[in-house]
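To find a chain, count down the sequence lines: A is the first, B the second, and so on, and within it residues start at 1.
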Amino acid sequence: MANPTISRPEWSTVIDSVLQKELEQHVLVTSWDKLLNMVDTVYNWGRRSSLWPLGFGLACCAIEMICTASSRFDIARFGAEVFRGSPRQADLMIVSGTVTKTMMPMIARLYDQMPEPKYVISMGACATGGGPFKEGYNVVSGIDKYLPVDVYIPGCPPTPQALLNGLIMLQKKIDGEHITNAPWYRGDVERDIPIPVLGPDLIDLRTVELTAERTALGLAEVREADLPKPSKIPAPQPEAEVVDASGNGAVGAEAAKPPSKIDLIRAKARGETLPAAGSAAPAAAAAPAAAKPAKKGKRALARPSLVWLGDEGLKELAARLDAELGAGTVSIVQAGLLVAPEKLVAVALYLRDKNPIKYDYLASLQSVHYEDCIEINYQFDSTIRPGSLIELRVRTAEAEGQGEVPSLYQVYRGADFQEREVFDMMGVRFTGHPELKRILMWEGYAYYPLRKDFLEPYYEAPAKVFPSRVDEGFGQHFRAEEVNPHGTNLKVPQGFTDWASLSSGSDPKGQPLLPGAIDVQELGTDQFIVSMGPQHPSTHGVFRLNLRVDGETIVGLKPVMGYMHRNHEKIGERNTFLMNFPFTDRLDYLTSMGNNFGYALAVEQLMGEDSRPPERAEYIRIIMAELTRIASHMWSIGFLLNDLGAFFTPALYAIEERELILDLFEWAAGSRMMCNYFRFGGVAFDLPPGWIERCRGVVNDRIDKKIDEFDRYLSQNEIVLDRCKGVGVLTPDQAINYSTAGPVLRASNVAYDIRRAAPYSIYDRFDFDVITGPNGDLYDRYYVRLLEMRESAKILKQAVRDIPDGPILPGKKSYQIKVPAGEAYSRVENPKGELGYYVVADGSGSAYRYHVRSPSFINLTALEPMCLGHTIADVVGILGSLDIVLGEVDR
Amino acid sequence: MLWVAIGILLKILVVVSIALGTVAYLIYVERKVAAYAQDRVGPNRAGKELGIPFGLLQPLADGAKMVLKEDVIPGYVSRPLYMLAPVIAIVAAMIGFAVVPFGPVGPNQIMNFQIAPNINIGILYVFAIGSLAVYGIILAGWASNNKYAFLGALRSSAQLISYEIPLGMSILGMVLIAGSLDLNQIVNWQDRRVWGVVVQPIGFLLFLVSAFAETNRLPFDLPESEQELVGGYHTEYSAMKFGMFFLGEYLHVITVSYLTVLLFFGGWSLPFHLLNQNQIGFLSAVFKVMVLLFKVALMILFIMWVRWTLPRFRYDHLMDLAWKSLIPLSLVNLVATAAIVQLIYSSR
Amino acid sequence: MSTEFTPIFLFLLVAVAIALSMMIASAVLGPHKRTKVKQMPYESGMNPFGDARQRFDVRYYLIAIVFLLFDVELLFLYPWAVAQWSGGVPAATSAPAGSTLGPVGIPAEFRSLVFWEIQFFIVILAAALAYAWKKGVFEWR
């Protein structure tokens, strides 16, 4: 049975063929083939009708995968709703989303741990080939580089119907299989996937020798030498105007080199934009064009954000700081305070404790790599007097690994993860940070990816559209794989030689973050270290917690993230401003409209009055943002209950309502989830006829009832109260100090809502309340969300009542957007909290620096103090109440 | 003697095959109940090729797949225990049926609807066997050498033993009132007097709550609690071994439902003596079996309904509930019952 | 060997046979591809840290000990509950035919004495519970 062959049994070869036919027709019940066919039928039918998927979701596609289980689509019809947490019991792996290098070893291991027969569905563009994130340095360009894929589903993300179609395709494929040649029964077929290793990059052990050889030759470095590099601009100075960057040394050196073939193609592809490149493309013409010169053009009004302290206030503050902490402590640079690094902690302490406006809230922290320095800048706001935002700048050495800045960890705990992120991305060390480890990439990764001089493995040009992608006929179009000497998304520095140390058993991502032992027991019992995630039913995606448990009690906890790090910011620096909209959709993939909103505001802040949206567009934006909030909170409440153990029932009821909202989005924007609907100065399309009526119907007739229903069944449920009251308490001081935002902050009784604190768009016209909770526990976070939905419904009712007619864009639709040089930080109150976009523009077509202040990411900082002393079950609930979305956490 | 043995064997085979078939379909019913609870349709494709509606062949497909799936035995397990655990789980769940009457039992009846009709310690036997199931779970968790499984098994064993006490105490009242440990006697008593739920309402609630815990069903499904421990004690089990845990769990649900009905809802009896123990003959036997089955089915549906409605307890709440509420309450219930019975019976 | 238990032993044999046949069928019919990674313990896709078999929380042991106490006491209560009224109450008189154990209850004159004894027994049991409670056996934090 173990290895049957197709050949007939012995007797069939000796008897006469005519006789055999007669025998088969009249005497024998069946032939061997027919028998096998019957076996095949039963065998295949069993597997096709009972495909139990492995319960793990990677990114946006996972949301659609979950929706497939909801009442509208119901994957249960195919008997495939039994999502198993353990790979041992699963038949089907649905790779739903972007496969990152950090996650790849886990996926390979999970696949290997699944019992035969097993199938793989590659869901969505990312899993299939890298999708929109293909150029990312941490993205695997297609799961099929490692796993054998049975069915590919196109789409970004594929709709639930598409997933069902993929499932049906897989069933058809299974129908065609034969037990006689099934690979899992054959001894000669290798089905094990070698686990790739997180070394200096993701190293595939099957090709490690080739990789080592090519690395030693320095092919990547040779290739990069010929490519146009992104130019660096100098940091803004107190008085001097921006220096022209055309005298960049790197560009000059490059111009001397003979053009490579790729350069020629690229120059040709650029023909229409370049006056000089139409002919034989001389190198001298190609090189300056490829670099982005910072044109001396319009500069945006210098202001850190739309609502801020103001020039006068800033001058006053600077004077006060100088008076208090010694002259020369601060100087005003482009509406921000440039602080001497050694005075940073003192300034922060003064601002937090002594300043008349107490700056107790570190809104955001990010870094910019300038020509002459790396600047870390901090946005501070005050919860006592909201809307008085200021920006602090600290500058440090530009050279790789040289930068050093004092840590604000002790002053603002919210700086913890953000400083680690800056360390990870720019290589700036923060002295005094207790655990300065890489946060998104892994320990041992060879580069600091957000530095301007780091070029991704698939790098081609400083800005999109990459010339090699411009199709000029057969043979002219390059696949990204072809530009890389390794033929895949891989880059290892030439100096790396330690190949022997790579082993698939190592865990460079989580190992340094094992929570330390805390002795809480007089009796010496062993404490477990358990890793929860990255594939885990309740981590809401690929998130991992290293737990140390004593019995059921958590005595140590370290979150490990980065498994969904899709290099959003690096890609955002290559995208043109407009082209970046669809990428913002994929940040927090439950709230694409809200993400669009924030990004539009950031660029509009730079563009100034020219891009002021017309009245109707403002209303449409508000309607979309509030619908998004309801959809997101519905999801969040549903899945919080799921985390508390109510098996999917509340979640699926919540999804029902969300589907109605998604229908509205699809009608207006053309896509359910990834709406890409906002434009600078307005929205992409006007609302289709009938939309407002339907929206009115949903808002006036359905949402309130649904919220009431949730309130009635959940809010007073004994078990819910038992599980939620007093669990995961965050005091108001903690909540502010940890820079939490959104419902998490407000549940801790801090009435800080960006819509009120720093009003944007036309929120000041609407009547709504800022909801706060009294205790800051799990229950309050649940209940604040519930009440916020009511407030959103209130805003929506006003908005659909008052929406005027008129244009939806200030000018005519344009694809070339002129963004003046400058710096902007926009803030919107997204369902998850304060979503901020920090954009530095250099006057070219794409952002010089693009950073997302992600609420999910920063809210996670507070996870550890909330969980310690609680039980494993509470951790799941607390995590659920933070309502994280991994696309936004890891970006 | 031999014929008697063959007769018993036949009875056993009928019971076992019906039980296993029922269990397979219970899983299907559970999925359908879940679907309707969640406003969905549930499995409806399997069997369409043969013209069989409502996905009725789904259990067969699941079974076929499970048997033909690779049976992974991870490298670091202790193999004998790892293999033993699912056997214990399913055997313990199955042999509980030996003393459960599926219909009328007695010297005058046309046949005894019970595998071992002469055991007069029926309930004690069921509980003894039922507590064996904890071995299946703890061995599975220990043998798997997996942290989730281990934590799940620990939780589970603590949970099961904690709830065994209120479970045992909750029926003492009924035993005292009926004066027997034989399930038939208890049913007969209820038939003569009144349903157990009327004389022992607190006992019934205690029993119900403990029974939910003993069967590891929501809101007490902590050993499995997928949201926390992936799969709990059976995390490392695949193919049919996993299926056996699954079957075991549902067999427990059936046993518990039978016990609930037999102890507190009068077994096969109907109100107003529509069916009583003095009726003999084929027709009444059939009716009694049907009535009992119907009540059991309702009970099972109730258990499922609860599963798809409630969230899960947290572990410490669960233990608090057992030790700080149920056990004191069951002691009080026992004392009160004994006192009342003392008053009533001795005054006769 | 009394005959009442014969069916149970037969049933046990059948049940074990069924369980074994399930496992054997699965082992024979299923494919076998043992690979190194498949043999590893599963831990959310990670390499596991350390051994899963460790000394675990002492509270589980405490629960086990308290359970033993209560379960044994419980066993004393069962015979009492059966015997207390089965001597004279009609309930137990119609024991199934062939039963070797006849209904032997507590004689009527001892009933109230036994009743009070049992009450005393339960009080001691309750005191034990209260003691364990006070000692914090049931505290899980």
So for [X], is it side chain, backbone, both, or neither that comes closer than 4.5 Å to the heavy atoms of chain B?
| X | value |
| --- | --- |
| Arg72(A) | neither |
| Asn717(A) | side chain |
| Glu656(A) | side chain |
| Ala651(A) | neither |
| Tyr653(A) | side chain |

Below 4.5 Å, heavy atoms only, C-beta onward: do [X] and [Y] meet side chain to side chain?
| X | Y | result |
| --- | --- | --- |
| Val82(A) | Arg31(B) | yes |
| Pro43(B) | Glu81(A) | yes |
| Gln89(A) | His234(B) | yes |
| Asp71(B) | Pro115(A) | no |

Starting at [atom1] of [X], measure out to [atom2] of [Y] and round the result to the nearest 0.5 Å.
| X | Y | atom1 | atom2 | result |
| --- | --- | --- | --- | --- |
| Asp74(A) | Asn44(B) | CG | CG | 7.5 Å |
| Ser86(A) | Tyr237(B) | OG | OH | 12.0 Å |
| Lys69(B) | Arg47(A) | NZ | CZ | 9.0 Å |
| Arg45(B) | Ser49(A) | CZ | OG | 11.0 Å |
| Leu318(B) | Asp722(A) | CG | CG | 11.0 Å |
| Arg723(A) | Phe313(B) | CZ | CZ | 10.0 Å |

Quiz item: Hey, is the main chain of Ala69(A) close enough, under 3.5 Å, to the side chain of Gln38(B) for a donor-acceptor pair?
Solution: no

Quiz item: Does a sphere of radius 6.0 Å around OH in Tyr135(B) hold more than 12 heavy atoms from other residues, nucleotides or ligands, not counting ones at 6.0 Å or beyond?
Solution: no

Quiz item: Are there more than 12 heavy atoms of other residues, nucleotides or ligands under 6.0 Å from atom NZ of Lys324(B)?
Solution: yes

Quiz prompt | Between Ser238(B), Ala64(B), Gly243(B), the one whose heavy-atom pairs under 4.5 Å with chain A are most numerous | solution = Ser238(B)

Quiz item: Looking at Leu60(B), Asp62(B), Thr309(B), Val72(B), which one has more heavy-atom pairs under 4.5 Å with chain A than the rest?
Solution: Asp62(B)

Exercise. Measure from NZ or CZ of Lys65(B) to the centre of the six-membered ring of Trp45(A) and say whether it is under 6.0 Å with the direction within 45° of the ring axis.
Key: no

Quiz item: In terms of heavy-atom proximity below 4.5 Å to chain A, should Glu236(B) be classed as side chain, backbone, both, or neither?
Solution: both

Quiz item: Should the pair Phe242(B) and Trp52(A) be assigned to parallel (<30°), tilted (30 to 60°) or perpendicular (>60°) ring geometry?
Solution: perpendicular

